[in-house]
Amino acid sequence: MHAHILGYSHGWRWITEGFALWRRAPALTSYVSFAYVLLLLLASSLPYLGQFLAALLMPILSIGVLEGMAAAEGGRRPGPEVLFTGFRGPWRSLAALGAFQLAGNLLAVLATILVDGGLMLGLYRGTIDPASLESEPQLLWPLLVWLAIALPVTMAYWFAPALVAWHRQPWPKALFFSFYATLRNWRALLVYALGIAAVVFALVLVLSFLAALIHPYVLGIALFLLPLVLVPTLFAGLYLQVRDVFGPR
């Protein structure tokens with residue numbers, strides 16, 4: 001398995017080309033992106049086993065998103081069933097990736113609880129008032145512990161579903177190659193992450209300025225419409241990362 005090592009410029013290209021891919025097929029790219037998110041939200045809302053079920057479904061459904069993006073790039077118009085392409089492939093191996101990611105994230109949360117006694121978890125759930133933390137220990141160490149576990153887990157998972165479904169790698173090997181590829185391409189991925197953050201910040205800033213000039217409702221309407229473009233663009237960027245790092249399937 002060969003992973004290309006890309007430079008800083010590719011990070012910005014994934015944003016601009018992802019937006020161009022959305023513009024080429026807005027209906028298809030939006031459908032696979034939002035249907036993916038909606039199905040995971042519905043699965044996670046189920047009582048008791050919802051979070052576990054959503055974790056197993058995530059890599060399987062992500063293949064449908066990638067297939068939809070590939071179809072959009074190739075000018076094809078598949079039917080709604082494209083979202084469920086992952087179930088026609090090695091879905092058991094894909095589900096194993098979801099279980100790995102869930103276990104890794106739970107381990108990261110458990111480690112932070114052992115370090116800070118559940119302080120970060122309470123802040124996340126809203127059960128602890130941030131104003132009451134003036135006399136509490138700093139959150140730096142729990143955050144570093146969480147990153148030390150969650151970041152490698154994310155790196156191992158990032159490309160793994162595509163490597164299992166498109167390149168027919170066993171899921172443990174896919175995790176290894178995904179970690180290796182993200183580590184070697186940290187420059188492009190860092191620019192991609194910072195570029196997305198910068199674009200969102202700039203758009204919100206401009207929209208806030210326009211809302212102050214025109215009407216406050218402008219900001220609310222714009223913030224409602226912004227995800228309709230941003231979410232498919234992000235998923236298109238992930239497809240382009242898989243394509244550029246590992247080449248055609």
Side-chain angles (χ1 to χ4, degrees), residues 10-45 50-51 53-86 94 97-98 101 105 150 154-155 157-162 165-166 182 188-208 210-211 218-245:
H10 270 78
W12 183 249
R13 283 176 55 186
W14 290 331
I15 299 174
T16 58
E17 292 182 9
F19 177 70
L21 187 56
W22 169 78
R23 289 187 59 191
R24 184 182 303 176
L28 175 58
T29 55
S30 297
Y31 159 70
V32 294
S33 300
F34 286 103
Y36 166 84
V37 173
L38 178 61
L39 288 176
L40 291 183
L41 288 175
L42 290 175
S44 63
S45 67
Q51 294 292 332
L53 177 61
L56 298 184
L57 288 176
M58 183 182 297
I60 301 175
L61 293 177
S62 70
I63 298 304
V65 177
L66 295 177
E67 288 284 355
M69 297 299 171
E73 185 182 42
R76 294 178 279 116
R77 294 293 182 268
E81 69 279 0
V82 68
L83 185 63
F84 305 99
T85 304
L94 292 170
L97 296 177
Q101 187 187 43
N105 290 334
T154 302
M155 292 169 64
Y157 176 83
W158 193 252
F159 293 119
W166 285 359
T182 53
L189 291 169
L190 179 62
V191 171
Y192 177 75
L194 294 177
I196 290 293
V199 167
V200 172
F201 177 78
L203 287 174
V204 172
L205 191 65
V206 170
L207 293 173
S208 301
L210 292 176
V218 172
L219 180 60
I221 295 173
L223 291 179
F224 172 77
L225 296 175
L226 182 59
L228 300 181
V229 178
L230 184 60
V231 173
T233 298
L234 289 174
F235 282 112
L238 175 59
Y239 162 73
L240 295 171
Q241 292 165 28
V242 174
R243 184 200 66 184
D244 292 345
V245 172

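We're numbering straight along the sequence, starting at 1.
Every pair tested for side-chain hydrogen bond (donor to acceptor under 3.5 Å, both in side chains) that includes a residue from residues 31-40 fails, sequence neighbours excluded, so the list is empty.
From Arg24, atom CZ reaches atom CD of Glu17 across 9.5 Å, with rounding to the nearest 0.5 Å. Atom CD1 of Ile15 sits about 11.0 Å away from atom CG of Leu240, to the nearest 0.5 Å.
Trp14 pairs by the ring-ring contact (aromatic ring centres under 6.0 Å, His included) definition with nothing, not counting sequence neighbours. Applying the side chain to side chain contact (heavy atoms under 4.5 Å, CB included) test to Leu190 and every residue at least two apart in sequence or in another chain returns Trp186, Leu194. Among residues two or more places apart in sequence or in another chain, the side-chain hydrogen bond (donor to acceptor under 3.5 Å, both in side chains) test is passed with Gln241 by Trp158. Annotation: ring-ring contact (aromatic ring centres under 6.0 Å, His included) contacts of Phe159 (sequence neighbours excluded): Phe246.
Residues Ala43 and Leu57 approach most closely at CB-CD1, 4.0 Å, considering heavy atoms. Heavy atoms only, all atoms of each residue included: Val32 and Gly64 are closest at CG1-O, 4.1 Å. A pairwise comparison of heavy atoms in His10 and Ala188 identifies CB-CB, 4.2 Å as the closest pair. The two residues Leu83 and Ala35 have their closest heavy-atom pair at CD2-CB, 3.4 Å. Contact between Leu40 and Leu61 at its shortest, heavy atoms only, is CD2-CD1, 4.0 Å. Of all heavy-atom pairs between Leu228 and Phe34, the closest is CA-CZ, 3.7 Å.
Leu39 places a side-chain heavy atom less than 4.5 Å from the side chain of Phe84. A 4.5 Å side-chain heavy-atom check between Leu94 and Ile63 finds at least one atom pair inside the cut-off.
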Test log, rule side-chain contact (heavy atoms from CB on, under 4.5 Å), inputs Tyr157 and Thr182: CA-CA 10 Å; Tyr157 176 83; Thr182 53; over 6 Å; no
Under 3.5 Å, which donor-acceptor pairs link side chains of residues 229-239 to any protein atom two or more places apart or in another chain?
{"residue": "Thr233", "atom": "OG1", "partner": "Val229", "partner atom": "O", "Å": "2.7"}
{"residue": "Tyr239", "atom": "OH", "partner": "Glu73", "partner atom": "OE1", "Å": "2.4"}

